[in-house]
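One structure is given here, and the rest of the page talks about it.
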Amino acid sequence: MEHEHDTSAAEGEEYDFATIQKKWQPVWEDLAPFATSDPDDTRPRKYVLDMFPYPSGDLHMGHAEAYALGDVIARYWRHQGFNVLHPIGWDSFGLPAENAAIKRGIDPRGWTYDNIEQQKKSMKLYAASFDWDRELHTSDPEYYKWNQWLFLQMYKKGLAYRKDSWVNWDPVDQTVLANEQVLPDGTSERSGAVVVKKKLTQWYFKITDYADRLLDDLQQLEGHWPAKVLSMQRNWIGRSQGADVDFAIEGRDEPVSVFTTRPDTLHGATFMVVAPDADLAAELAAGSTPEVQAAFQDYLVQVQKSTEMERQATDREKTGVFLGRYAINPVNGERLPIWAADYVLADYGHGAVMAVPAHDQRDLDFALAFGLPVRVVVETTGPDTTGADTTDAAGEADPAASDPAVTGVALAGEGRLVNSGELDGLTKGDAIARMIELLEQRGTGRAATNYRLRDWLISRQRYWGTPIPIIHGEDGSEIPVPEDQLPVLLPPTEGLDLKPKGTSPLGAATDWVNVPNPIDGTPARRDADTMDTFVDSSWYYLRFLNPNDDTQAFDPAEARRWAPVDQYVGGVTHAILHLLYARFITKVLYDLGYITFIEPFTALLNQGMVLMDGAAMSKSKGNIVQLSQQLEEHGVDAVRLTMAFAGPPEDDIDWADVSPVGSAKFLARAWRIARDVTSAPGADPATGDQALRRATHRFLADAPGLVEAFKFNVVVARLMELVNATRKAIDSGVGPADAAVREAAEVTALTLNLFSPYTAEDMWQHLGHEPAVALVPWRTADPALLVEESVTAVVQVDGKVRDRLEVAPTIADADLEEQARASAAVTRAIGERQVVKVIVRAPRLVSIVTKP
RNA sequence: GCCCCCAUAGCCCAACCGGCAGAGGCAGACGACUUAAAAUCGUCGCAGUCUGGGUUCGAAUCCCAGUGGGGGCACCA
């Protein structure tokens, strides 16, 4: 082997990370130890996937953490005898490339692929155990062709459609955004701009058709996905169950439906509210007096002027206008005034609500602001849910004290119905069910479910993405591009102005846009929008299975072999967006018969963030830690080890709290042990020191469980312990020639491969073995060495430890109790008191309970 | 407002099914080696587990209430 000349363990040779990094990188490049291309490989399979990166220029600390942790898992399963698929690729479409290209007047392709080259180099240096043969780029036509194919399958199924609607518009990036890309404060997650509403015709994926399955199937991920992510997804989908109730409108032929989760309170409805920006509001106003029309117009202008952020402030005053119209309550025939108010949202439910001020806080706030009546129909029991005291000083319940019209607090709690005809006396739950029955019998309502989730808006008015494979005929018809004409290639950027201007830059590529209608040859135009890049990542895990197949998106047979992903690793930032979309597309592909599973990622590990001085790293805070600098200073292995050792993977790491220097010291310490070993490879460990062997095998027995529970920090701590014990053995009487020392050193190298592969490989060579240590099977612990010679039993008297006994691990309960009672310290503790109970848990514990 | 998670030594963190609170690291102190320093090696841990209740022979661990911190959703009817 050509590298051997610089590895002979000369006396005094010292650990130098730069040297061993340089030494092993080319060796691994030749060996390709992580390739998974052999079709005859009969080992069981594991698919370990790290979320693929956007090629932003170089790796940063966040990548370093994610890939270090994902690599522990991938390397671990290889040692356990699995054929591990651990691919990597590039999420290489998207705005940063396009914005950078505009800024510099260059092509986004060049920028993107240059970045990929650079970042790839860094990844190889970082020694993540990827199968580089499966590398993919979503910006390659070979990839995005299949995005277009997917779009067409969805189009055929009616799952891709165009509609005219109010959309989120990012005024900086000049494109629409999905709901999921708008932060809670109303700004764009991408540009930070305040998002405005715009009415546009856009393409959507009908994710709402899958809302129930996306929600219910989360159950099968319980325990395998972080609870936090599951709850975020549940919140996001936001299913609420209730009823649609039809209200007749005076002077209108059609009734208006409203959605309510509280049909039991229908008798308490005292007015109706419609969203001012809903078509219904305009229509109702138009049928009213000129004064009302004028007031409504003023109000509408005022509402539309307010930003999303202002609108979402929950503590703002209620506003609204009376529309001069009336609805008829279907259960009691009462006339309910109809108001327009912006606390009702146009795009949820039917854009109208029945207002029950006594039992809904928002309705109550509105009623009190405008002097509308409040009628209690549920007698809530005891203090209400807000905890307000409704009893007076004498402890007597005071009806006025709980009257919402007086207290301003709506009664949302449990209780029994009153003032509600035949519902009187029923509990809230029973009344809801009964009211739905009644409505259904009378044909004025029905059970209904609503979701917070909206359809996924996928069109983007930007260049650097997948063209939408639709052609628009002159007559307005939509013609899908025939599959044999895919891919629809992006036109070259020459002559195109990529600057955002509100419409897609592709529209200006005349030669590209104008095409004959595939059906009759008449003039037609290509759809000029591109797809949201989250479409790309929604199925990339399948493309890794055969990334170079130009006949299909993925091979269903390969999918049966490898998919779903056994272990997915990535940041919690994608808890909703990417993971929800990927789950959705997986279910669609299942329904289309391409795959046999309904969830893409069987298990998910979210690593925390890397912070500096308690805060996320940012330019403005000036607390950015450069990965490249850390690698230069401490080496790849020390940085990787620090990531694993810092704490539980899902916790944030504050770089100020951890010590890559300490990691480097430990690695040097471990490495010196391998250097110091003087026994020959293959020395029989049975002849070695028994105490050290016990430590080694205890470690071998415990480490797998710890890795599988993601307690990487504990594995490292245990490894440090083993190294300490080995060092002690070498420096004490046992000495460097002992076979147990070799065994411990080999186990150390083997384990260190999970965290610090360069050091591990170098140790492995010092120990007289060939690369790659990554391919060496895990050693199984010898059960005989796990039996302890003696254990310490604790004797408690009334809960306090009074004595400790060294006993055989196999001691019988009775013998242990006898020994415990014989202890002088114990007898002293019992004294004159009477023993009432003795609990024995041999061999660890005796608990004696006494009384006076 | 609704829902979820967390709290152990100066700091980062361990502690299996409820059974001796301490594995590991950082920082610190002292010592060995050295002319000296670095590196290396060694030695050093009385915090009783955020607070208050409860269950139990026994609670960091389970239950209830609270405090502090973090997160998700939020005028979603």
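We name chains A, B, ... by the order of the sequence lines, and we start the count at 1 in each one. Everything numeric in this text was worked out from a predicted model, so none of it was measured.
B/rC44 and B/rG25 are spaced 13 Å apart, taking the P atom of each and rounding to whole Å. B/rU8 and B/rA23 are spaced 14 Å apart, taking the C1' atom of each and rounding to whole Å. B/rC57 and B/rG52: their C1' atoms are spaced 23 Å apart (whole Å). The gap from the C1' atom of B/rU61 to that of B/rC6 amounts to 14 Å, rounded to the nearest Å.
Rounded to a whole Å, the CG atom of A/Asp654 is 15 Å from the C1' atom of B/rA27. If you measure from atom CG of A/Leu719 to atom C1' of B/rA14, you get 16 Å, rounded to the nearest angstrom. Here B/rC73 presents its P atom at 10 Å from NZ of A/Lys228, a figure rounded to the nearest Å.
Taking every side-chain heavy atom of A/Asn724 into account, B/rG25 is the closest of B/rG25, B/rC41, B/rA77. Listed candidates were B/rG72, B/rC75, B/rA77. Nearest to the side chain of A/Lys318 is B/rC75. Taking only side-chain atoms of A/Pro648, from C-beta outward, the nucleotide of B/rA14, B/rG42, B/rG24 with the closest atom is B/rA14. Relative to the side chain of A/Asp360, the nucleotides B/rA77, B/rG72, B/rA23 differ in distance, and B/rA77 lies closest. The side chain of A/Lys665 lies closest to B/rU40, out of B/rA77, B/rG42, B/rU40. Distances were taken from every side-chain heavy atom of A/Phe259 (C-beta onward) to each of B/rA23, B/rG42, B/rA77; the shortest belongs to B/rA77. Distance from the side chain of A/Thr260 is smallest for B/rA77 among the nucleotides B/rC41, B/rA77, B/rC73.
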Dump the pairs, protein N or O against N or O of nucleotides 29-33 of chain B, anything under 3.5 Å, distances to one decimal.
none

Pairs: protein N or O with nucleotides 7-12 of chain B N or O, under 3.5 Å:
residue : atom : partner  : partner atom : Å
B/rC12  : O2'  : A/Ala646 : O            : 3.0

Pick out the pairs of N or O atoms, protein on one side and nucleotides 54-57 of chain B on the other, that lie under 3.5 Å.
residue : atom : partner  : partner atom : Å
B/rC57  : OP1  : A/Lys837 : NZ           : 3.4
B/rC57  : O2   : A/Ser847 : OG           : 2.6

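B/rG68: glycosidic angle beyond 90° from 0, hence anti. B/rC6 takes the anti form, because its glycosidic angle lies more than 90° either side of 0.
A salt bridge links A/Arg698 to A/Asp702: at least one charged side-chain nitrogen sits closer than 4.0 Å to a carboxylate oxygen.
A heavy atom lying under 4.0 Å from RNA chain B marks the following residues of residues 706-713 of chain A, by number: A/Lys711, A/Asn713.
Shown here are the salt bridge (Lys or Arg N to Asp or Glu O under 4.0 Å) partners of A/Asp652, two or more places apart in sequence or in another chain: there are none.
Ring geometry for A/Phe710 versus A/Phe712: interplanar angle over 60°, hence perpendicular rather than tilted (30 to 60°).
In the model, A/Tyr451 has no side-chain atom that pairs as donor or acceptor with a side-chain atom of A/Ser240 under 3.5 Å. Side-chain contact annotation: A/Gln241 with A/Thr261, donor-acceptor N/O pair under 3.5 Å absent. Between the side chains of A/Trp225 and A/Gln233, no donor-acceptor pair of N or O atoms lies under 3.5 Å. At a cut-off of 3.5 Å, with distance as the only test, no side-chain donor of A/Arg239 or A/Asn450 sits close to an acceptor on the other residue. No donor-acceptor contact under 3.5 angstrom links the side chains of A/Tyr343 and A/Asp365, judged on distance only. Side-chain N/O atoms of A/Tyr299 and A/Thr319 include a donor and acceptor closer than 3.5 Å.
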Which nucleotides of RNA chain B pair, in dot-bracket form (Watson-Crick or G-U under 3.5 Å, | meaning another strand): (((((((..((((.....[..).))).(((((.......))))).....(((((..]....))))))))))))....

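With rounding to the nearest 0.5 Å, the separation of CD in A/Glu817 from OG in A/Ser847 is 11.0 Å. Separation of atoms CG (A/Asp246) and CG (A/Leu439) is listed at 8.5 Å; rounding is to 0.5 Å. Atoms CZ and CG, on A/Phe645 and A/Leu719 in that order, are 10.5 Å from each other to the nearest 0.5 Å.
Put simply, the residue from A/Val377, A/Asp363, A/Ile432, A/Asp360 that forms a side-chain contact (heavy atoms from CB on, under 4.5 Å) with A/Thr265 is A/Val377.
Note on A/Thr792: a base of the nucleic acid sits closer than 4.0 angstrom, heavy atoms only.
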